[in-house]
Structure formats: structure tokens, C-alpha cells
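Notes follow once the structure below has been shown.
The analysis underlying the following values was restricted to heavy atoms, covering all of them including side chains, and did not include hydrogens, waters or symmetry mates.
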Amino acid sequence: PSNNNNKDKESGEVVTISRFVPKGQVSLSDDAPGWSTKKDNNNEDGPICWKCKGRGTKEIRNSIKGEPPLKVMCRVCQGRGKLASRKLSIKPGMITRGRKRPHNGEEEWKPKGSQPFGLLNTTTDSSKLVQKANNELVDVIINSSKRKREEGEEEEECCWLPRVSEQLCNLVGSWRILQKIGSHRWTTDDLVTAYVAIDATSTNNSIENYLDLGTGNASVLQMVTWGLQQNKNNNKLKRIIGIEARSEAVQLARRSIQFNIGDQNNNENSSPIVIEGDFRDDHPLLLEKDKDKKFDLITGTPPYFEVKFHSSDKNKAVNKAVIHEGGMPTCKQSAPARCEFRGGMEEYCSAASCYLHGSGMFVVCENWLNHERTILAAKAYNLCIIKQVRVYGTEGKDSPLFCVYVMNKKK
């Protein structure tokens with residue numbers, strides 16, 4: 001990314017404007033560096049206004065010919081230059097109701113796939129709550145303060161129970177995922193990316209190592225793992241890794257995995273490991289000198305929208321993030337998931353080219369507006385696009401909403 005030195009108009013301080021958040025400690029200092037410009041008693045200001053770019057005013061054409069443009073108050077931020085951050089509602093944890101199952105005559109349809117690890121012991125209070133949501137198709141409210149652990153029940157077994165402002169939601173088959181209410185949640189592009197990855201590897205019986213870049217809440221990581229487990233011909237899956245920089249997302253992902261799969265100590269199947277880190281940095285668990293330990297499958301759902309980051313030349317910290325495409329989300333956890341804080345398609349292609357096995361596949365999703373950019377990124381990092389799955393928002397649209405690309409290394 002190109003860097004430019006400029007003076008900040010407010011402080012007069014020399015700042016570096018970067019395309020992405022700098023690597024290293026700065027990247028992991030905050031879930032969304034620069035998203036908020038002020039912290040007061042743990043309360044954060046919202047992001048820089050996407051309309052006026054923080055100025056509080058915008059220029060309009062002067063009706064008098066030859067006169068300079070007029071400055072008027074920005075109506076989006078009401079002249080503040082910032083947007084109010086979304087206040088997450090404080091609600092009790094909830095296990096959402098199970099999905100309605102279609103009936104085929106007298107026989108009820110049953111979901112595919114293995115039972116979640118958290119439901120293997122059906123006698124615990126925790127599993128009974130999930131069974132109630134599944135069987136009675138009702139939302140189950142969790143009152144954490146009143147819940148009592150059974151004798152001998154360990155703390156770790158209940159780590160997947162939703163806490164305040166969390167929901168344990170349906171994901172795929174009988175598996176579920178923990179999500180924050182009013183925060184970032186898994187979406188259609190995650191679902192399509194996972195489906196394409198599962199379909200692309202359905203005839204491959206030698207998937208041993210799988211990596212999900214920027215795994216977030218681990219929706220794609222878990223859906224693909226679920227799908228790979230359905231392939232009875234492939235029992236070689238040994239290493240499943242997701243890497244994510246947002247600490248809140250990492251904790252949610254690990255707890256979801258504990259419900260669905262358990263860990264390496266209590267499950268015969270391979271259990272995913274979620275690393276807290278920036279995949280642009282060299283991580284020892286990803287760098288394997290043995291070519292046979294490189295990844296047979298890599299997935300990714302990069303953010304879509306361009307951001308410019310202002311860093312102080314004194315302490316190198318990111319002071320503010322100014323979006324240049326679309327609007328910056330007012331929810332902090334959604335911002336890096338939608339906007340390019342730690343890299344876009346180019347960074348994902350670079351990492352995939354580095355970690356991918358010679359015969360492996362890279363499945364990645366991208367906004368259709370960035371289609372040409374995706375082609376150039378693949379070419380730059382020696383990747384070949386072998387398949388495109390284009391997704392349209394509604395019937396009759398001229399251009400797709402997004403596209404999922406299947407790539408491999410050029411021979």
C-alpha cells in the first residue's frame with residue numbers, strides 16, 4: 001500500500017496516510033484501529049462521517065455564476081464530523097428456536113451431519129435448553145445468574161452457553177454459532193463461499209489441511225468443516241485452522257467450536273484451532289517448511305470497501321479511519337468485516353499463494369464491483385481462476401451482487 005505524509009488539519013501534526021492498518025502490534029492493538037477517534041470512560045465515539053469525511057460540512061454549487069462553492073452543514077452527521085456508535089442492547093442470552101423441518105408423509109426430515117458435541121450428553125441442563133429450542137421451536141432465554149451447574153460439571157462444558165447480548169443461532173445441520181445481538185453476524189456470502197468450497201472438494205479424497213483466512217466468528221470455517229466431515233471417502237482431515245485479528249470474534253469462534261466439535265482431547269474428528277493474529281504477519285502455525293503440510297484448501301471472505309488510515313508519525317498508532325467507498329458501519333465489530341482494515345483481495349491472494357499446496361484450491365468471495373481487481377490480484381500472485389459462481393441480488397439484475405472464485409496455483 002502507498003503511504004503519504006500530510007498534516008492533520010485539526011492538530012497540525014504530521015500523519016502518514018496508509019491504505020491498510022500497519023502490520024505488527026498496531027494491527028492487534030484494537031479490533032478496529034482508527035474506527036473511533038475518542039475514548040471517554042470506555043465509551044467510544046463513532047466513526048468518521050462517510051459523507052463529509054469528518055469535516056462537518058460539505059460543498060454545494062453556488063447559484064451565482066463565478067462564485068466559489070458554498071459550505072453547508074452535513075446532514076448525515078449534523079455537523080459533528082462523526083457518527084454516533086451503535087449502542088448494543090443489553091439483553092439476556094438466547095438460544096434461538098430450531099429450524100422448522102419439512103415432513104415427508106409420516107417421516108420427519110432430519111438434518112444431515114453429526115450431532116453437535118454439546119448435545120452428546122443429553123442429561124446436562126445446558127443440552128436440555130438446546131433440545132427445548134430444537135424440539136419445541138421456541139426461543140430459550142438464558143438467565144446466567146440463576147443457572148446452577150450440576151455436580152461434577154466443568155466450567156469449560158458450559159462455555160458455549162450464550163451470555164448477555166449473545167445468541168446461539170442455527171448454522172448448518174444441527175450445528176450452531178454464537179453471535180452478538182446487533183453486531184456482526186454471518187451472511188449469505190459466507191454461506192455461498194462455504195457451499196462452493198464443499199462442492200469444489202467433493203471429489204477430492206485427500207483434504208488433510210484446511211485454512212480459513214480472516215475467519216471472523218468462524219461461520220465459514222465451521223460450515224466447511226461440517227461439509228468435509230460428510231465426505232465419507234475423505235477421512236484424512238488432520239489440521240483445521242482459522243486466523244482472525246478481532247479478539248471478540250476469536251472468543252466467540254472458539255466457544256462455538258466447543259459446542260459443535262469440542263476440542264482435540266474429546267473428539268475423534270479434527271477440531272479447528274482459531275489463532276488470534278493478523279494473517280499478513282508470518283505465524284509459526286501457518287508456516288510449514290514441509291510442502292506436504294501446506295494447505296489443500298484455503299477459504300476467505302475479504303471485506304469489500306476501501307479505507308484510508310491516518311497514523312501519527314510520533315507513536316505510529318492509527319488515529320482515524322476514513323472510508324472512501326460506501327458507509328463506515330456504526331457497529332465496531334462490523335467495520336473490519338466489511339471495510340478493508342487489514343487488507344483486501346490482494347492480501348488474501350498473497351497469503352493463499354504462500355500457504356497453498358501445489359495442488360490445493362483457494363475459494364474466495366468478493367464484491368462484484370471489485371471483479372477486475374480480483375483478476376489482477378490472482379494474476380499478481382500466480383493464481384489461476386478456474387471457476388466463478390456469480391450471485392445476483394434479485395432476478396433480472398444486469399450485474400451480480402458478489403462472486404465466489406475458485407482458484408489454484410498456476411502450473
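W186 places a side-chain heavy atom less than 4.5 Å from the side chain of L171. Looking only at side-chain heavy atoms (C-beta outward), I298 and Y355 come within less than 4.5 Å of each other. Contact of the F305 side chain with the I323 side chain is registered, since non-hydrogen atoms from C-beta on lie closer than 4.5 Å. The shortest distance between side-chain heavy atoms of I142 and L129 falls below 4.5 Å.
Using a cut-off of 4.0 Å between Lys/Arg side-chain N and Asp/Glu carboxylate O, D139 and R97 are scored as salt-bridged. No salt bridge links E366 with R373; every basic N to acidic carboxylate O contact stays at or beyond 4.0 Å.
Listed by chain and residue number, nothing satisfies the side chain to side chain donor-acceptor pair (under 3.5 Å) test with T330 (two or more places apart in sequence, or in another chain). With sequence neighbours left out, A32 forms a side-chain contact (heavy atoms from CB on, under 4.5 Å) with D30, W35, K332, P336, F341. Residues passing the side chain to side chain donor-acceptor pair (under 3.5 Å) test with T57: none are found, sequence neighbours excluded. With sequence neighbours left out, P303 forms a side-chain contact (heavy atoms from CB on, under 4.5 Å) with E340, Y348. For R80, the side chain to side chain donor-acceptor pair (under 3.5 Å) test picks out no residue, with sequence neighbours left out. Checked against side-chain contact (heavy atoms from CB on, under 4.5 Å), C403 has the following partners two or more places apart in sequence or in another chain: W368, Q388, R390, Y405. Residues passing the side-chain contact (heavy atoms from CB on, under 4.5 Å) test with P92, sequence neighbours excluded: I141. Take D212 and apply the side chain to side chain donor-acceptor pair (under 3.5 Å) test, not counting sequence neighbours, and it matches T215, T299.
Atoms CD1 and CG, from I375 and N370 in turn, are 11.5 Å apart once rounded to the nearest 0.5 Å. For the atom pair Q78 CD and C49 SG, the distance stands at 10.0 Å (nearest 0.5 Å). To the nearest 0.5 Å, the span separating CG on L228 from CH2 on W226 amounts to 10.5 Å. Atom CD in Q229 sits 10.5 Å away from atom CD1 in I198 (nearest 0.5 Å). In this structure, the separation between CG on L383 and CE on M407 is 6.0 Å, given to the nearest 0.5 Å. Between the NE2 atom of H357 and the CD1 atom of I207 there is a distance of 10.5 Å, given to the nearest 0.5 Å.
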Item to complete: I would like to know whether H310 and V318 meet side-chain contact (heavy atoms from CB on, under 4.5 Å); could you show each step before the answer?
Response: CA-CA 6 Å; H310 296 217; V318 175; over 6 Å; no
Discussion item. Determine whether L191 and T193 satisfy the following criterion, side-chain contact (heavy atoms from CB on, under 4.5 Å), listing intermediate values before the conclusion.
Written reply: CA-CA 6 Å; L191 178 65; T193 301; over 6 Å; no
Fill in: Verdict with supporting geometry, D281 and K23, salt bridge (Lys or Arg N to Asp or Glu O under 4.0 Å)
CA-CA 7 Å; D281 297 324; K23 295 181 186 179; 5.4 Å; no
Item to complete: Apply the test side-chain contact (heavy atoms from CB on, under 4.5 Å) to residues I240 and I273: give CA-CA distance (whole Å), side-chain angles for both, the deciding distance (0.1 Å), then the verdict.
Response: CA-CA 6 Å; I240 309 167; I273 297 171; over 6 Å; no
Discussion item. side-chain contact (heavy atoms from CB on, under 4.5 Å) for L369 and Y304? Distances and angles first, verdict last.
Written reply: CA-CA 9 Å; L369 295 175; Y304 293 157; over 6 Å; no
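The closest donor-acceptor contact from the side chain of S18 to the backbone of V21 lies at 3.5 Å or more, if one exists at all. In this structure, W175 contributes its side chain and S114 its backbone to a donor-acceptor pair below 3.5 Å. Distance alone, capped at 3.5 Å, places no donor-acceptor pair between the N217 side chain and the S219 backbone. A distance-only check finds no donor-acceptor pair linking the side chain of N408 to the backbone of M361 [under 3.5 Å]. Looking only at distances, no side-chain donor or acceptor of E347 sits under 3.5 Å from a matching main-chain atom of R342. Not a single donor-acceptor pair under 3.5 Å links the side chain of K53 to the backbone N or O of V322. Looking at R280, its side chain never comes within 3.5 Å of a backbone N or O of G343 through a donor-acceptor pair. For the pair S36 (side chain) and D45 (backbone), a donor-acceptor distance under 3.5 Å is present. Although no hydrogens or angles enter the test, the distance criterion places a donor-acceptor pair under 3.5 Å between the side chain of S256 and the main chain of L252.
The 12-atom threshold is not exceeded at NZ of K132, counting heavy atoms of other residues, nucleotides or ligands nearer than 6.0 Å. Residue K51 qualifies as open at atom NZ: its count of foreign heavy atoms under 6.0 Å is 12 or below.
For residues 244-260, the salt bridge (Lys or Arg N to Asp or Glu O under 4.0 Å) pairs, not counting sequence neighbours, are E166-R255, E244-R246. Screening residues 348-365 for salt bridge (Lys or Arg N to Asp or Glu O under 4.0 Å) gives no qualifying pairs among residues at least two apart or on separate chains. Here side chain to side chain donor-acceptor pair (under 3.5 Å) pairs that include residues 377-386, with residues two or more places apart or in two chains, number zero. Within the structure, every pair that satisfies the salt bridge (Lys or Arg N to Asp or Glu O under 4.0 Å) test and touches residues 179-199, not counting sequence neighbours, is listed here: D199-K387.
Across every non-hydrogen atom of A133 and I95, the tightest pair is CB-CG2, 3.7 Å. Contact detail for N319 and S311: the closest heavy-atom pair is ND2-C, 4.2 Å.
Side-chain contact, Q333 with D31: a donor N or O sits under 3.5 Å from an acceptor N or O. Between the side chains of S350 and S353, no donor N or O sits under 3.5 Å from an acceptor N or O. There is no side-chain donor-acceptor pair under 3.5 Å between R338 and N367.
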